[in-house]
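Shown next, in structure tokens, is the structure this report addresses.
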Amino acid sequence: MALLESTPGAERDRRSGTGGTALAISVDRRLRLFNRCCVGVLLAFALLWLVPLAWALDTSLKPNAETTDPTWLIENPTLLSYRTVLAQSDILNWYLSSFVTSALAALGTVLTASMAAYALSRLRFRYRRVVFWLVLCGLMIPNQVLIVPQFRELGSVHLLNTWWAVFLPQVPTAIAVFIFKQFFDGIPRDLDEAARMDGAGFFRTYRQVVMPLSRPAVSAVAIFSFVWSWNNLLWPLLAVTDPELMTIPVGLATIQGTYGIRYADTMASAILGALPLVLVFLLFQRRIVEGIAGTGLKG
Amino acid sequence: MATTISAPDQIRTEPGSPPSGGADHRTRQGRPALLFLAPFLALYLLFIVGPALYGLVMSFFHTSLVRPGLGEFAGLDNYAEALGSSDFWWALWHTVWFTILTTPPLVVLALVFALLAERVRRGRWFFRLAYFLPYVLPSAVVALIWQWIYTPELGLLSRTVDAFGATAPNWLGDPNWAMVSLAITTVWWTLGFNFVLYLAGLQDVPRDLYEASAIDGAGPWQQIRRITLPLLARTTTLVVVLQVIASLKVFDQMYIMTSGGPNFSTRSALQYVFDVGFTDYRTGYAAAASTLFFLLVLAVSAVWLVMTRRQESEV
């Protein structure tokens with residue numbers, strides 16, 4: 001909408017134009033003005049987008065009693081709420097659970113999916129097509145419709161309430177196989193042929209030739225499975241009921257409301273829950289964005 | 001199935017080069033292939049294919065969460081009950097309503113922001129940060145923050161609305177507003193993903209097209225309408241379909257922020273499955289409801305594949 005408002009100037013230029021350098025300069029100036037308007041609108045929205053997070057941080061630094069003051073100003077800044085949350089909740093255990101299960105899920109996904117993709121991309125075997133279609137069908141099944149049978153399955157082998165139950169079902173990821181396969185297909189075969197000539201087996205070719213060349217795919221899959229696993233709520237909510245084994249999202253979901261009107265404490269727990277992934281994001285910003293743009297997700 | 005699924009261009013049945021050997025080659029590579037595939041396939045069969053089939057079987061039985069085994073055979077009873085249950089249809093409607101509320105802003109705003117960001121030379125990282133950061137936050141964190149913002153009278157949003165002289169509604173507590181409030185939160189939370197998809201799509205628009213049209217005297221608005229938008233058609237299809245599927249699968253926001261309330265006005269399809277399966281212990285019935293929900297998602301995916309095909313044949 002903002003776009004519409006800022007265009008008429010440029011539009012008029014075009015209509016009245018008869019050619020010549022004077023016009024070119026004026027068009028150029030108009031265009032720059034237009035671009036500046038674009039930046040202004042975008043900046044306004046970007047700041048608006050940051051308001052909720054800024055407000056949460058702001059609230060968390062106030063004493064509980066002062067959170068209901070309608071001001072951004074923090075008169076008595078304090079970290080008391082953070083201390084309360086760290087002392088009173090199991091949040092440190094939840095960090096550990098989230099970290100262990102997400103790291104194992106990411107590692108498992110990268111290893112199993114890349115190996116399967118290597119076979120599909122490089123090896124000839126009889127049931128290749130069958131396997132390919134079987135994995136393709138997995139793309140169509142939303143994990144959420146599997147929770148009921150998965151819960152019974154893991155219950156029957158007494159794995160509920162363990163980290164195994166949280167991360168194992170998140171390891172097989174059909175989309176990761178396709179991301180790797182697509183990437184491997186783009187690596188020239190001459191390279192692994194050369195390695196094979198030198199006497200390297202398939203596994204060595206996979207580990208020492210193909211995988212090192214696939215860093216972008218590896219990091220995209222690793223980061224995304226880590227983030228998805230970290231943010232998964234529905235499955236860990238069912239798989240784990242022991243407060244000490246809960247992941248961050250499940251833990252935060254169960255304590256919501258326990259702080260009542262102690263808004264500073266609530267916001268401190270939200271900020272603490274957000275912190276690890278904010279760090280992951282700041283560290284890997286480029287890779288995450290390139291991962292979305294450059295792997296199988298682009299249309 | 002086979003013909004429809006092959007549509008997305010990133011997925012090709014055949015890799016780059018043709019098989020180099022004949023039957024002899026196949027048998028020699030069969031064993032290593034099996035070893036490479038085994039870890040993935042084992043977990044895949046155990047946790048995806050197995051549960052999918054188990055769930056399908058279960059949906060034809062009166063399976064209970066608290067009893068072992070499948071229980072009594074039910075035939076199509078579970079399906080008939082779900083299709084005849086007003087609760088099920090309401091949950092489905094809430095999910096569709098949420099999808100209708102979230103998809104247009106999530107697609108249009110992402111497109112507009114990406115178009116604007118394309119014109120920015122410096123500091124693009126800042127916009128990416130601002131729009132994409134919320135996407136990596138866990139739903140529980142998002143819920144806690146927005147519950148505070150939506151708090152009646154004390155919350156930031158209520159205060160802002162009051163400051164303009166209007167009366168703020170009881171955002172999450174009013175059945176007429178609860179879903180809208182959840183939609184606003186969701187737009188804030190997930191817009192960044194679509195934004196980045198659009199930014200990527202924009203990178204594929206050839207520069208020289210803009211230059212050529214600028215020489216012909218086309219203004220920015222004309223360029224956007226005549227060049228950018230048509231060339232983004234495929235990205236838009238992808239964004240819309242991914243968004244519709246993601247919105248249909250909504251669970252977290254409702255579960256944490258409203259528990260499906262007030263008065264069940266925000267109970268989503270997945271929460272219905274969760275409630276009947278894990279609160280009422282009716283696993284078989286929940287599996288039947290999941291299967292019906294799966295068919296809905298499948299139908300949306302099928303529409304996408306048909307549309308992508310058509311776009312491909314047009315190009």
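All chains are named by letter (A, B, ...) in the order of the sequence lines, taking the proteins before the strands, and each is independently numbered beginning at 1.
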Heavy-atom distances under 4.5 Å only: say whether A:Thr173 touches chain B with side chain, backbone, both or neither.
backbone

How long is the straight-line distance from CG of A:Leu42 back to CD of B:Glu118, given to the nearest 0.5 Å?
11.5 Å

By a 4.5 Å heavy-atom criterion (distance strictly below it), what part of A:Phe184 contacts chain B: side chain, backbone, both, or neither?
neither

How many angstroms lie between atom CG of B:Leu41 and atom CE of A:Met115, to the nearest 0.5 angstrom?
10.5 Å

For B:Leu65, is it the side chain, the backbone, both or neither that has a heavy atom under 4.5 Å from a heavy atom of chain A?
both

Atom CZ of A:Arg36: over 12 foreign heavy atoms under 6.0 Å
no

Is there a side-chain contact between B:Val112 and A:Phe45 in this structure, where contact means two heavy atoms from C-beta onward sitting under 4.5 Å apart?
no

Quick one: of A:Ile248, A:Val39, A:Leu168, A:Leu47, who has the most non-hydrogen atom pairs under 4.5 Å with chain B?
A:Leu168

Who among A:Gly155, A:Pro169, A:Pro249 has the most heavy-atom pairs with chain B under 4.5 Å?
A:Pro169

Under a 4.5 Å cutoff for heavy-atom pairs, which residue among A:Thr109, A:Thr247, A:Leu48, A:Leu43 has the most contacts with chain B?
A:Leu43

From A:Phe281 atom CZ to B:Leu133 atom CG, the distance as rounded to the nearest 0.5 Å
5.5 Å

Within the 4.5 Å heavy-atom criterion, are A:Leu111 and B:Phe40 side-chain neighbours or not?
no

I'd like to verify something: which residue of A:Leu238, A:Leu252, A:Ile271 has the highest number of heavy-atom pairs under 4.5 Å with chain B?
A:Leu238

Look up atom CG in B:Leu129 and atom CG in A:Leu50, then write down how far apart they are to the nearest 0.5 Å.
6.5 Å

Could you check if a side-chain atom of B:Phe47 sits within less than 4.5 angstrom of a side-chain atom of A:Val171, using non-hydrogen atoms only?
no

Could you check which of B:Asp252, B:Ile245, B:Val120 has the highest count of heavy-atom pairs closer than 4.5 Å to chain A?
B:Asp252

If you count heavy-atom pairs under 4.5 Å between each of B:Phe251, B:Phe127, B:Phe294 and chain A, which one has the most?
B:Phe127

Which heavy atom of A:Thr112 sits nearest to which heavy atom of B:Pro39, and what is that distance?
CG2-CB, 3.9 Å

Show your reasoning for whether side chain to side chain contact (heavy atoms under 4.5 Å, CB included) applies to A:Leu234 and B:Phe274.
CA-CA 9 Å; A:Leu234 180 55; B:Phe274 184 89; 3.8 Å; yes

Option in A:Gly251, A:Gly201, A:Pro172 with maximal non-hydrogen atom pairs under 4.5 Å from chain B
A:Pro172

Rounded to the nearest 0.5 Å, what separates atom CG in B:Leu154 from atom OG1 in A:Thr59?
11.0 Å

Could you check which of A:Leu272, A:Thr254, A:Val177 has the highest count of heavy-atom pairs closer than 4.5 Å to chain B?
A:Val177

Check the orientation of A:Tyr118 and B:Phe36. Use parallel for under 30°, tilted for 30 to 60°, and perpendicular for over 60°.
tilted

Non-hydrogen atoms of chain B under 4.5 Å away: do they reach the side chain of A:Leu154, the backbone, both or neither?
side chain

Any donor-acceptor pair under 3.5 Å linking the side-chain atoms of B:Trp148 with those of A:Thr266?
no

At their closest point, which heavy atom of B:Ser64 faces which heavy atom of A:Arg152, and how far apart are they?
O-NH1, 2.7 Å

Approximate separation, where rounding is to 0.5 Å, of B:Tyr135 OH and A:Leu277 CG
11.5 Å

So B:Tyr131 and A:Trp49, would you call those rings parallel, tilted or perpendicular, with 30° and 60° as cut-offs?
perpendicular

Given the rule in the side chain to side chain contact (heavy atoms under 4.5 Å, CB included) test, do B:Tyr44 and A:Val131 qualify, once you have shown the distances and angles that lead to the verdict?
CA-CA 11 Å; B:Tyr44 186 67; A:Val131 172; over 6 Å; no

Determine the minimum heavy-atom distance between B:Ala33 and A:Ala119, stating which atoms define it.
O-CB, 4.1 Å

Contact origin within A:Arg122 toward chain B - heavy atom pairs under 4.5 Å
backbone

Would you mind reporting whether B:Leu137 and A:Val278 have side-chain heavy atoms less than 4.5 Å apart?
yes

For B:Thr151, is it the side chain, the backbone, both, or neither that has a heavy atom closer than 4.5 Å to a heavy atom of chain A?
side chain

State whether the side chain of B:Gln29 and the backbone N or O of A:Leu123 hold a donor-acceptor pair below 3.5 Å, judged by distance alone.
no

Shortest non-hydrogen contact from B:Met58 to A:Pro149?
CE-CA, 3.8 Å

Kindly indicate whether the side chain of A:Asn143, heavy atoms from C-beta on, has any atom under 4.5 Å from the side chain of B:Lys249.
no

Residues B:Phe278, A:Ile147; criterion side chain to side chain contact (heavy atoms under 4.5 Å, CB included); working and verdict:
CA-CA 10 Å; B:Phe278 297 97; A:Ile147 50 165; 4.1 Å; yes

Chain A: which of B:Pro51, B:Ser290, B:Ala38 shares the most heavy-atom pairs with it under 4.5 Å?
B:Pro51

If every non-hydrogen atom of A:Pro52 is compared with every non-hydrogen atom of B:Ile145, which pair is closest and at what distance?
O-CG2, 3.7 Å

Okay, A:Tyr206 and chain B: the region with an atom under 4.5 Å from a heavy atom over there is side chain

Cut-off 4.5 Å, heavy atoms of chain A, and the answer for B:Ala52 is both

Side chains of A:Val280 and B:Val136, heavy atoms from C-beta outward: is any pair under 4.5 Å?
no

Checking A:Leu237 against chain B: side chain, backbone, both or neither under 4.5 Å from a heavy atom?
side chain

Student check: side-chain heavy atoms of A:Leu134 and B:Leu45 closer than 4.5 Å:
yes

Please determine whether side chain to side chain contact (heavy atoms under 4.5 Å, CB included) holds for the pair B:Phe132 and A:Gln285, giving the CA-CA distance in whole Å, both sets of side-chain angles, and the decisive distance to 0.1 Å.
CA-CA 9 Å; B:Phe132 196 77; A:Gln285 201 198 146; over 6 Å; no

B:Trp125 side chain reached by A:Arg286 side chain, heavy atoms, under 4.5 Å
no

Top contributor to chain A interface from B:Leu46, B:Thr237, B:Leu199 [non-hydrogen pairs under 4.5 Å]
B:Leu46

Between B:Arg119 and A:Asn35, which heavy-atom pair has the shortest distance, and what is it?
NH1-OD1, 3.1 Å

